[in-house]
Amino acid sequence: MFFHYILNLFLVIELMKHGAKLTSVHALSMQYYAIQCPLAEMFVKNTVNQALQNDPTLAAGLLRMHFHDCFVEGCDGSVLIDSTKNNTAEKDSPANLSLRGYEVIDKAKELIENQCPGVVSCADIVAMAARDAVFWAGGPVYDIPMGRKDGRRSRIEDTINLPAPILNATSLIKMFSKHGFTVQDLVALSGGHTLGVARCSSFKNRLSNFDATHNVDPSMNSRMATILIKQCQNGDDVTVALDQTKNSFDNAYFNAVQSSAGLLTSDQTLYMNPRTRGWIDAYAMNQARFFLDFQSAMVKMGLIDVKEGNDGEIRLDCRVVN
Ligand code: HEM
Ligand SMILES: *[C@@H]1O[C@H](CO)[C@@H](O)[C@H](O)[C@H]1NC(C)=O
Ligand SMILES: *[C@@H]1O[C@H](CO)[C@@H](O)[C@H](O)[C@H]1NC(C)=O
Ligand SMILES: CC(=O)N[C@H]1CO[C@H](CO)[C@@H](O)[C@@H]1O
């Protein structure tokens, strides 16, 4: 308990150092559901643990879901909304088609609604599930403030705000800084690619007709390129692990990037730009440092444009606006 308290204190200090917009945070709190739904976090945790026992690869899905939720319209559960006759939702954009883990969120929401109806937002459940998935996979444990309200808008065209895998470090730095992230945050968050897979469609830009002088991206380890070219002959939907331990949350991703084995352009570019390169080295050398910076960057990500009060609602079914 005491350790937790110290950790919280440390995170707040870290957040202030990183210049988080603390003014927009005041309504969120660690104890937000303490009175109205004290078991909310436990329900989510149990549901996530159970789902991951059956399918460990879902940890990656749940982490990525939170990232996509927060980068499009803020962390407001908009990523969960199903398309209707009138509206094509974020979910149905090409970027989001490979998102996974929606059933886990539905299941947690159902348990929570039975216990304390109309209290816990889908956005908070997504944030908790991502946190619990990281821990389950061997990553750090950390507290997140709660009290996000659910949004009412989910439009396919808004997913343009997601970073594309072909972006270089300069563009990524610019894009992430719009949300208040430092260069260090960008590299720590990219460490989320310690979990999961990508489809060939996401990195085939590196495997042929790369530029005027190269057929294959010269920043890719050539043995790896040969293997990938072969694997991707079976189609755009073939999946390849983002690092060598796709179900373990560790710092293997940074070792991969160091040895020219980052899978996406957006991964390998972090070793080519002098502003990001040092952080790749730091995290490759020191996993504890990565964990610490990842958790503070995740707390920060979870606060992007959060909706409070009447700006949002507590959705009753995470897939449908009330
Ligand atoms: C830096 C900019 C980023 C870009 C360009 C990017 C892009 C991508 C792409 C293209 C994929 C593969 C999708 C597919 O082919 O199906 C992917 C997967 C993934 N991303 Fe990112 N991502 C970024 C940042 C992040 C962040 C900040 C996180 C979380 C902290 C994250 C977590 C994940 C995870 C866990 C997967 C694996 C998903 C799975 O196995 O289902 N990514 N990302
Ligand atoms: C779709 O739009 C029409 C007209 O704007 C409206 O009457 C209807 O209720 C909408 N349906 C849904 C499912 O939102
Ligand atoms: C990064 O990408 C942007 C946008 O495509 C481009 O203008 C810029 O020249 C690129 N920077 C480097 C260092 O390649
Ligand atoms: C990262 C990525 O692939 N983003 C795409 C998401 O979907 C929109 C709409 O189809 C595209 O414009 C983005 O490029």
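Counting starts at 1 for both ligands and their atoms, following the listed order.
His66 and Asp69 are not linked by any side-chain donor-acceptor pair at a separation below 3.5 angstrom, with hydrogens and angles left out of the test. Defined by atom type and a distance below 3.5 Å, a donor-acceptor pair is missing between the side-chain atoms of Thr170 and Arg275. Using modelled atom types, one finds no donor on one side chain facing an acceptor on the other under 3.5 Å when comparing Ser248 with Asp250.
Set against the non-hydrogen atoms of Asn168, the atoms of ligand 3 under 4.0 Å away are 1 (C), 2 (O), 3 (C), 8 (C), 10 (C), 11 (N), 12 (C), 14 (O). Heavy-atom proximity to Gly196, at under 4.0 Å, picks out these atoms of ligand 1: 37 (C), 40 (O).
With a 4.0 Å cut-off on non-hydrogen atoms, Ala164 touches ligand 1 through its backbone and not its side chain. Only the side chain of Ser266 comes within 4.0 Å of ligand 1, judged by heavy-atom distances.
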Applying side chain to side chain donor-acceptor pair (under 3.5 Å), run through Arg152 and Ser78 and close with a yes or a no. CA-CA 7 Å; Arg152 300 182 182 92; Ser78 55; over 6 Å; no

Begin with the C-alpha distance, continue with both residues' side-chain angles, and end with the deciding distance and a verdict on side-chain contact (heavy atoms from CB on, under 4.5 Å) for His193 and Leu263. CA-CA 9 Å; His193 288 176; Leu263 189 56; over 6 Å; no

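Within 6.0 Å of the CE atom in Met272, the count of heavy atoms belonging to other residues, nucleotides or ligands does not exceed 12.
Ligand 1 has no N or O atom lying under 3.5 Å from any N or O atom of Thr57, backbone or side chain. Not one N or O of Phe294 is nearer than 3.5 Å to an N or O of ligand 1, by distance alone.
One option in Arg100, Arg64, His193 has a heavy atom closer to atom 39 (C) of ligand 1 than any other, and that option is Arg100. Which of Val187, Thr269, Leu99, Leu264 comes nearest to atom 8 (C) of ligand 1 through a heavy atom is settled by distance: it is Leu264.
With a 4.5 Å cut-off on side-chain heavy atoms, Tyr283 and Asp293 count as touching.
Heavy atoms of Phe203 stay at 4.0 angstrom or farther from ligand 1.
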